[in-house]
*Asks:* 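Let me give you the structure first, and then I'll get to my questions.
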Amino acid sequence: MVDHIAFNLFITLMLAILIERIIDTFKHFSEFEKDSGGLKNVIASHRKNISNAKKQAEEIIDLYSTRAQLSPEDLNLQAQVTRKQSKRTNTTTIQKIATATPFELHNKIKVIPIDHLDIDSLRNKLFTQIASIGLGIIFAELLNIRLLSLFFAQPYNSTLQDILFSGFVIGNLSYFVTAMTNFFSGKAITIESDVNSIYAKRSETQPTKTSLKDYDGGHNKESLQTTNLRKSNPIKIVYHHTGLSQPMHIDSICEDLILNNSLTYAYHCIVLPDGGIEYLCRWDRASTDLERCKDETLSIAFHGNFECSSDAGYSNFKGDYGDSTPSITQLKHGGQLIALWCHLYNIPLNPYISILPHFLVEPTYCPGSNFPHEQLFQYIEKYYIDLCNPSERPLVSDFKSKPYIYCKESQ
Amino acid sequence: MITDNVLVIVSAVLLITFFLERALELAKNSFDYYTAKNKDYEKWNAGAKEAAANIASKIDNKFGESFNSEQDRINVRDSQLISRDKMNPKILIINASDVRKLQLARYIRLISIFLGIMIMILLDLNLFYVISEISPTSETHPPLLFNTLLRGELGIWLSGVVIGLATDPLHRLAVKINKQFSKTP
């Protein structure tokens, strides 16, 4: 009896493998068709992302609009009042902002609502399961596999009940066969360990960090004397993520960021996770990242990849590129530099208008879905106010007198 | 012979459990698809807000402002719902999708027990009766409980409960295997 059962179970397993292969082939073809309409999909996906980002930006602009029109002195005064109020009511600025959003804070608990479920993946999942079951039922009928009668003797023999049960089991076994196939191929594990070992070697020789005060014109400053000239001083600041792996050596990062073998870099500077700042391009020259508005912008990039949606290219949803959010130190130092730029070039403190993420300028995921915009703006505001204090004014004055800050026409 | 019987019974039970687990997974996938298609999220969002309000009131009423005491006093279910903001760990977060997941898991457990009982009644399969029959001590010292109470309807019902409860660990195992070794996330 056991031999008979074992033989039937073996057939069942073989059928499950066959179904798994059929479904896999089908998926291959459907993905191929999807790829052939790739450009349209990419454009549609970018449009969707931009409209979402705009919606978010509008909400946040509403919150900041009143504050943004105030002068530095007013901001200073407002910050003092806020600090006193927050001491009294024991709430933080983040909580205040969150309270103003449609999903209110319940005292200390913030609710993240479900705003969408990935309908495409759910449809695929459901279709795969139903198709497998369908095929299972067909094979069970064709090959006369009757699992119920096999285990529980006569009463279920040849009944519809038995065919459906057997087909259901055969079809669903393919789910486990897929997992086992992946286990024995073991590709994902090998690739991950290779990448980690490469970056581990690179990070061994990471140089010591530079600070805000160390600006001296960046790389290739002499070579840029006659090229990439600006017509006027910058009026906007665009922030990015590098999209690269965090443990990468700074030399490799620089290599990756030189565009089209030119002498200029994509960004004016990069803020590293430890807070170090690498100055790449002279501030009085245009960087090359934004073709449309490069003359009027300064670019700062936070090193790392903060895009975590699975449908984006080079996404960090598995953590292969390091941390999926910038470090606090990185945000603080980035905020400090942006605040300094605001003072140097009289750029107004308008989040999402004069200080804006890359995705609001071009169709891109940059600086990633996990980037904490609000936190960065808080740091910018804090350091902007700090730089208004008499004790910090010398820093701004020092920078004003440095070379490679202002373009000639404005001096 | 006993070994053969045990093997057959174990295989049969595993097969039924597997069937039940997959059937529930199919039902859950269908429900998820239905929810996504009709954008029927409001109920779950409202549930999350309610849970947030409940937990917040617990924290406020009993524990004051101390960070550690919040962690100490909220119960296990609340801890499963709550996470902390990555950038500011003092802010507690409740994700509506987690609330949905926990709520559905609770319903699924109840349904699996119910279906387990139904299947056992349909198949007229009493695991305890089978165990008592194939037990090596059944001829010399018949186990009292198996020979009396659990030989009838009660045994069938309890077998259903056992099968129903076994779907959860099997599901967790299946998900873990697939997540661990899947090429795509």
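Each chain gets a letter, A, B and so on, in the order its sequence line appears, and its residues count up from 1. What's counted below: heavy atoms across the whole structure, side chains too, no hydrogens, waters or symmetry copies.
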*Asks:* If you look at every heavy atom in L173(A) and F18(B), which pair is closest and at what distance?
*Replies:* N-CZ, 3.7 Å
*Asks:* So, for N29(B) and Q129(A), which heavy atoms are closest and what is the spacing to 0.1 Å?
*Replies:* ND2-OE1, 3.0 Å
*Asks:* How many angstroms lie between CG in L26(B) and CG in L126(A), if you round to the nearest 0.5 Å?
*Replies:* 6.5 Å
*Asks:* Report yes if the side chains of L148(A) and L15(B) come closer than 4.5 Å at any heavy-atom pair, otherwise no.
*Replies:* no
*Asks:* Any side-chain heavy atom of F19(B) within less than 4.5 Å of one from N172(A)?
*Replies:* no
*Asks:* Of the backbone (N, CA, C, O) and the side chain (C-beta and beyond), which part of K37(B) lies under 4.5 Å from a heavy atom of chain A, both, or neither?
*Replies:* both
*Asks:* Within a radius of less than 6.0 Å around CE of M118(B), do more than 12 heavy atoms belonging to other residues, nucleotides or ligands occur?
*Replies:* no
*Asks:* In Å, rounded to the nearest 0.5 Å, how long is the span from CG of L122(A) to NZ of K28(B)?
*Replies:* 8.0 Å
*Asks:* Strictly by salt bridge (Lys or Arg N to Asp or Glu O under 4.0 Å), give each pair with a member in residues 160-170 of chain B just once, sequence neighbours left out.
*Replies:* R109(B)-D168(B), D168(B)-R172(B)
*Asks:* With sequence neighbours excluded, tell me which residues meet side-chain contact (heavy atoms from CB on, under 4.5 Å) with I156(B).
*Replies:* M120(B), I121(B), D124(B), N126(B), E153(B)
